[in-house]
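Have a look at the structure below before the remarks.
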Amino acid sequence: MARGRMTIGLYNSTIRCGSPRRTAEPSARAAPIALAFDANLATFGFPFEKELGTPEDVAAWVSGTTSIGERASI
């Protein structure tokens, strides 16, 4: 019986008015885990800009906003 694909939910429990980097970091850290387990990543309560309409837009924004994963640095 097929069960579908697992989804990892990431909930923002911090103050909503933060820097873009503080918004992007949790997604940047959780995305490789979701990828490793062939899972979806859903975000709840993150103040993404309205023009980020697709998952590809969000991924491009996150990758351009953080330095996580570059040169194995944090």
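These figures come from a predicted structure and were not determined experimentally. Computed from heavy atoms alone, side chains included, the values below leave out hydrogens, waters and symmetry copies.
A continuous path of hydrophobic side-chain contacts links Met6 to Ile33 [ILVMFWY only; heavy atoms under 4.5 Å].
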Cut-off 3.5 Å, no hydrogens considered: what does the side-chain donor-acceptor table look like for residues 36-53, sequence neighbours left out?
| residue | atom | partner | partner atom | Å |
| --- | --- | --- | --- | --- |
| Asp38 | OD1 | Arg5 | NH2 | 3.1 |
| Asn40 | ND2 | Thr7 | OG1 | 3.4 |

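Remark: Ala59 pairs with no residue by the side chain to side chain contact (heavy atoms under 4.5 Å, CB included) rule, at least two apart or across chains.
Sequence neighbours left out, not one pair with a member in residues 55-65 passes salt bridge (Lys or Arg N to Asp or Glu O under 4.0 Å).
Val62 and Ser27 make their closest contact through CG2-CB, 4.1 Å (heavy atoms, listed as atom of the first residue, atom of the second, distance).
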